[in-house]
Amino acid sequence: MALDIDKVDDAALAILSLTLHYGDQVWKGVDWAITGRLHNKGLIEDPRRKTKSLTLTPEGIERAQAVLEREFTKVE
């Protein structure tokens, strides 16, 4: 099965955003390869810190909210 890595990254970013606190902090909890790609895309700050949280960039917060709405909103 071939995965669309960009879609995987978007989903991971959206899920990370569900733990958003202090305005731009989220808890680490996804594969390092994904956090590395999100960092390379400018959506999170450098994940190689000793803290247990990641910092979303303003672009990351905006994209996460868009992905949540587009992919995970229930249609009633």
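Note that this is a predicted model, so its numbers are computed, not measured.
Ile15 and Leu54 fall into different hydrophobic clusters, where Ile, Leu, Val, Met, Phe, Trp and Tyr are joined by side-chain heavy atoms under 4.5 Å apart, directly or via other members.
For Leu20, the side-chain contact (heavy atoms from CB on, under 4.5 Å) partners at least two apart in sequence or on another chain are Val26, Leu56. Shown here are the side-chain contact (heavy atoms from CB on, under 4.5 Å) partners of Glu59, two or more places apart in sequence or in another chain: Leu43, Thr57.
Rounded to the nearest 0.5 Å, atoms CG (Leu13) and CD1 (Ile61) are 9.5 Å apart.
Identified under the ring pair (Phe, Tyr, Trp, His ring centres under 6.0 Å) test for residues 25-53, with sequence neighbours left out: His21-Trp27. For residues 9-19, the pairs satisfying side-chain hydrogen bond (donor to acceptor under 3.5 Å, both in side chains) are Asp9-Arg37, Asp9-Lys41, Asp10-Arg63, with sequence neighbours left out. Note on residues 42-53: pairs passing side-chain hydrogen bond (donor to acceptor under 3.5 Å, both in side chains), not counting sequence neighbours, are Gln25-Ser53, Asp46-Arg48, Arg49-Thr55.
When all heavy atoms are compared, the tightest approach of Val67 to Ala14 is CG1-CB, 3.7 Å.
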